[in-house]
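Down below is the structure, laid out as structure tokens.
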Amino acid sequence: MNLRLIVLLAAVALGAAAQAQEAGEPKRGLWVARANCASCHAVERGERSSPNPLSPPFAFVANIPGMTAIALNHLMQSSHDTMPLIVLPPEEQWHLVAYVLSLRDR
Ligand code: HEC
């Protein structure tokens, strides 16, 4: 499946039909990640250890077998004991998800 399709499917799954026309842009997602996630997670491509050792580097998360935009959205929106629930505007969420998935090894 290509990324655009995955993002589209995720949009439908979340009932965010209005967002479906716009797939996330990885470049903008990197800025969202730097602003919201980098205090704990390694967010850069090739960065293998996180500032907070409990937080998986995004390159690791992206390469979990079967990881999709839907799964990623779900992981981010479910609460963890150790990770705060961060609610982003939908547009930023799409950029962020697109960015994380762009970190997959090909
Ligand atoms: C205050 C520190 C902190 C911040 C900020 C933070 N996280 Fe996390 N995150 C964690 C920790 C700790 C874990 C491991 C939690 C666990 O396994 O219960 C985690 C786990 C995750 C996971 C994997 C969950 C799983 O179950 O495998 C994802 C995906 C994730 N974070 C995404 C994000 C994104 C995206 C952001 C920015 C919007 C973010 N996190 C911001 C601390 C943080």
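Read the numbers this way: they start at 1 and go in the same order the structure lists the ligands and their atoms. Just so it is clear, the model here is predicted, and its values are computed rather than measured.
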For the backbone of [Y] and the side chain of [X], can you confirm whether one donor and one acceptor N or O come within less than 3.5 Å of each other?
{"X": "Ser50", "Y": "Ser55", "result": "yes"}
{"X": "Tyr99", "Y": "Val43", "result": "yes"}
{"X": "His41", "Y": "Pro56", "result": "yes"}
{"X": "Asn63", "Y": "Asp105", "result": "yes"}

Heavy atom under 4.0 Å from ligand 1: found in Leu96's side chain, backbone, both, or neither? side chain

Select one of side chain, backbone, both or neither to describe which atoms of Leu75 lie under 4.0 Å from any atom of ligand 1, heavy atoms only.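 The answer is the side chain of Leu75.
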
Run the salt-bridge test on Arg28 and Glu92 with the 4.0 Å N-O cut-off and return the result as yes or no.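 Not counted as a salt bridge, because no side-chain N and carboxylate O are separated by less than 4.0 Å.
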
If you count the atoms of ligand 1 from 1 in the order shown, which ones are under 4.0 Å from a heavy atom of Pro84?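 Reading through ligand 1 atom by atom, the close ones are 1 (C), 3 (C).
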
State the atoms of ligand 1, each with its element, that fall below the 4.0 Å cut-off from a heavy-atom position in Ser39.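 Those qualifying, in numeric order: 5 (C).
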
Closest by any non-hydrogen atom to atom 5 (C) of ligand 1: pick that one out of Asn36, Leu54, Thr82, Val43.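 Heavy atom nearest to atom 5 (C) of ligand 1 belongs to Asn36.
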
Should His95 and Lys27 count as side-chain neighbours, where that means a heavy-atom distance under 4.5 Å?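 Side-chain contact under 4.5 Å: no.
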
Would you say that Val32 contacts Gln93 through its side chain, given a criterion of any heavy-atom pair below 4.5 Å between the two side chains? no

Are Leu54 and Met83 connected, step by step, through hydrophobic side chains (Ile, Leu, Val, Met, Phe, Trp, Tyr) whose heavy atoms are closer than 4.5 Å?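 Leu54 and Met83: separate clusters.
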
Tally of protein N, O or S atoms, where distance to atom 8 (Fe) of ligand 1 is under 2.8 Å: 2

